[in-house]
Amino acid sequence: MAAPTSYDSASSPSRLSADVVIHTTEMHTGGEPLRIIDSGYPTLVGDTILEKRRYARQNHDQFRTFLMHEPRGHYDMYGAILVEPDAPEAHMAALFTHNEGYSTMCGHAVIALGRYAVDREIVKPSIPEAQVNIQCPCGVVRAYVSCDKNGKTGAVRFHSVPAFLFAEDMEVDVEGLGKLRVDISYGGAFYAFLDAAKIGLDVRTSSTRDIVAAGAKITDAVKTQIKLHHPDSDDLAFLYGTILTDGNDQFTDEPTANVCVFADSQVDRCPTGSGVTARIALQYKKGLLQLGQRRVFQSGITKSTFTGKVIAEAKAGEVDAVVVEVCGRAHYCGSNVFTFEEDDNMKTGFLLR
Ligand SMILES: O=C(O)[C@H]1NCC[C@@H]1O
């Protein structure tokens, strides 16, 4: 397979026009889609990955909606735009796109991109594992990709950026749900956490529609009532979503389930790599999980699983943090060539719920 060209295709049109031809590789991780842009995206300018993220949002957002929204995508589509890394140790770098914008971390995408990097020979295969350093907007994440003697890539584990519990038991007034107490934790992106039972829901059996509606309301409330801070950059200091859980934060050998509602009421099909990272940081800080204790995290919706554990204590600025290892599997499901006709007035796509 050829190496990706999404960041060196200088001839790619910078506006949506009949000249646009975008090649993608389609993968999924535990059911959550990942559309990797192989080529045809406009060049994203910036000295740092966070500058490139801002540049994409300000100058080329129509390419995101073109690929994420209908008719080429759907409400819950997810994407990765490969950009040139600026961290010396990174083998590759990626921006992450969803229905509303650009996230700062995506664990399921890192699991898929790890395989992609080895299969595309961005990084040489190595038995039993090849290391792929992936620069994400939140920092460099190290992925370890299983490779067998026949060259087949498999499970991927990654080591997170420093993850930390930002605030515990914060009261928020949520429309229609009243006053609730949530924890806010960071795993490359900030999430609010709540035991779903506190609002009469069950992440394994309640309807996805009810879970999404509640998650989105909690996100809105936290966004307006709590100011977040990240020691590295203001670009990282926003709430990405709400994760409703089964409340089983104390370590056991049993899987614990959660559902992540992020961006604009988008719902993750997998257990959420950055969410598992944040949840483990929270559990560790509360003394509910010890260093090295491995837990199984399950999507309440698809029942797909990731495993995770704390592998080291760390610092995020002055804040006590941990490095978390998350492990999962990604699969290829196809490839696409996306084009555009000038007389198509659905140019930048649309969304239906
Ligand atoms: O696995 C993750 O971290 C992501 N999945 C969709 C939402 C998050 O970015």
Side-chain angles (χ1 to χ4, degrees), residues 29-30 32 105 107-108 110-111 141-144 155-170 180-199 201-206 211 215 218 240-262 268-316 319-329:
T29 311
E32 178 69 358
M105 172 55 190
H108 93 270
V110 164
I111 290 167
V141 172
R142 284 160 179 77
Y144 301 87
V156 177
R157 60 192 177 97
F158 71 81
H159 292 174
S160 73
V161 295
F164 56 91
L165 174 60
F166 174 77
E168 196 175 333
D169 229 12
M170 298 293 288
L180 299 173
R181 291 191 169 274
V182 299
D183 294 332
I184 300 172
S185 192
Y186 179 82
F190 283 95
Y191 295 97
F193 287 85
L194 181 76
D195 176 352
K198 300 246 163 71
I199 49 173
L201 295 174
D202 181 323
V203 289
R204 289 190 172 88
T205 58
S206 293
I211 290 172
I218 295 166
Y240 185 31
T242 292
I243 297 183
L244 295 177
T245 76
D246 61 6
N248 294 326
D249 282 314
Q250 175 67 55
F251 175 77
T252 75
D253 290 332
E254 295 301 308
T256 174
N258 53 229
V259 176
C260 173
V261 182
F262 65 100
D268 201 335
R269 276 73 173 145
C270 76
T272 308
S274 53
V276 163
T277 304
R279 197 169 165 211
I280 286 178
L282 173 168
Q283 293 170 340
Y284 184 78
K285 183 74 183 176
K286 290 185 175 183
L288 304 172
L289 184 74
Q290 304 304 311
L291 191 77
Q293 276 184 325
R294 196 180 76 116
R295 283 210 79 175
V296 179
F297 293 82
Q298 187 177 50
S299 156
I301 295 174
T302 62
K303 315 294 185 257
S304 63
T305 57
F306 289 167
T307 58
K309 62 183 178 186
V310 174
I311 56 162
E313 293 192 337
K315 286 276 183 194
V319 181
D320 288 342
V322 286
V323 177
V324 172
E325 177 178 287
V326 176
C327 183
R329 280 182 174 270

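Taking the six-membered ring where the residue is Trp, Tyr240 and Tyr191 present tilted rings, their angle falling between 30° and 60°.
Across Ala316 and Ala321, no two heavy atoms sit closer than the pair N-CB, 3.8 Å. Minimum heavy-atom separation, Leu165 to Ala281: N-CB, 4.4 Å. Contact between Ser299 and Cys270 at its shortest, heavy atoms only, is CB-C, 3.8 Å. Smallest separation of non-hydrogen atoms from Ile218 and Leu194: CD1-CD2, 3.7 Å.
Glu168 has its side chain out of reach of Lys285: every pair of non-hydrogen atoms, C-beta onward, lies at least 4.5 Å apart. Side-chain contact between Thr29 and Arg329 is absent, with no heavy atoms from C-beta onward closer than 4.5 Å. Using a 4.5 Å heavy-atom threshold, the side chains of Val182 and Thr242 count as separate. Counting heavy atoms from C-beta outward, Asp249 and Arg279 have side chains that approach closer than 4.5 Å. Residues Glu325 and Arg294 form no side-chain contact, since every pair of their non-hydrogen atoms from C-beta on lies 4.5 Å or further apart.
Applying the 6.0 Å contact sphere to NZ of Lys198 captures no more than 12 heavy atoms from other residues, nucleotides or ligands. Within 6.0 Å of CZ in Arg181 there are more than 12 heavy atoms belonging to other residues, nucleotides or ligands. The number of heavy atoms from other shown groups lying within 6.0 Å of CZ (Arg142) is above 12.
Residues that satisfy the side chain to side chain contact (heavy atoms under 4.5 Å, CB included) test with Arg269, not counting sequence neighbours, are Glu32, Asp76, Val267, Thr302. Under the side chain to side chain contact (heavy atoms under 4.5 Å, CB included) criterion, Val203 pairs with Ala196, Leu244, Asp246, Ala257, Val259, sequence neighbours left out.
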Apply the test side chain to side chain contact (heavy atoms under 4.5 Å, CB included) to residues His159 and Tyr144: give CA-CA distance (whole Å), side-chain angles for both, the deciding distance (0.1 Å), then the verdict.
-> CA-CA 9 Å; His159 292 174; Tyr144 301 87; 3.6 Å; yes
Side chain to side chain contact (heavy atoms under 4.5 Å, CB included) between Thr307 and Arg295, worked out | CA-CA 6 Å; Thr307 58; Arg295 283 210 79 175; over 6 Å; no
Determine, step by step, whether Phe297 and Phe306 satisfy the ring-ring contact (aromatic ring centres under 6.0 Å, His included) criterion, reporting the C-alpha distance in whole Å, the side-chain angles of both residues, the deciding distance to 0.1 Å, and the verdict.
-> CA-CA 5 Å; Phe297 293 82; Phe306 289 167; 9.0 Å; no
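Rounded to the nearest 0.5 angstrom, Thr245 OG1 and Leu201 CG are separated by 11.5 Å. Put simply, CG on Leu180 and CG on Asp195 are 11.0 Å apart, with the number rounded to the nearest 0.5 Å. How far CG of Asp169 is from NZ of Lys286: 6.5 Å, rounded to the nearest 0.5 Å. The line from CG of Leu289 to CD1 of Ile280 is 6.5 Å long, rounded to the nearest 0.5 Å. Remark: Phe164 CZ to Leu282 CG distance equals 12.5 Å, nearest 0.5 Å. Between the CG atom of Asp183 and the CD1 atom of Ile243 there is a distance of 11.5 Å, given to the nearest 0.5 Å.
Put simply, the side chain of Ser160 gets close to the backbone of Val324: a donor and an acceptor are under 3.5 Å apart. Under the 3.5 Å distance criterion, the side-chain polar atoms of Thr277 are left unmatched by any main-chain donor or acceptor of Gly187.
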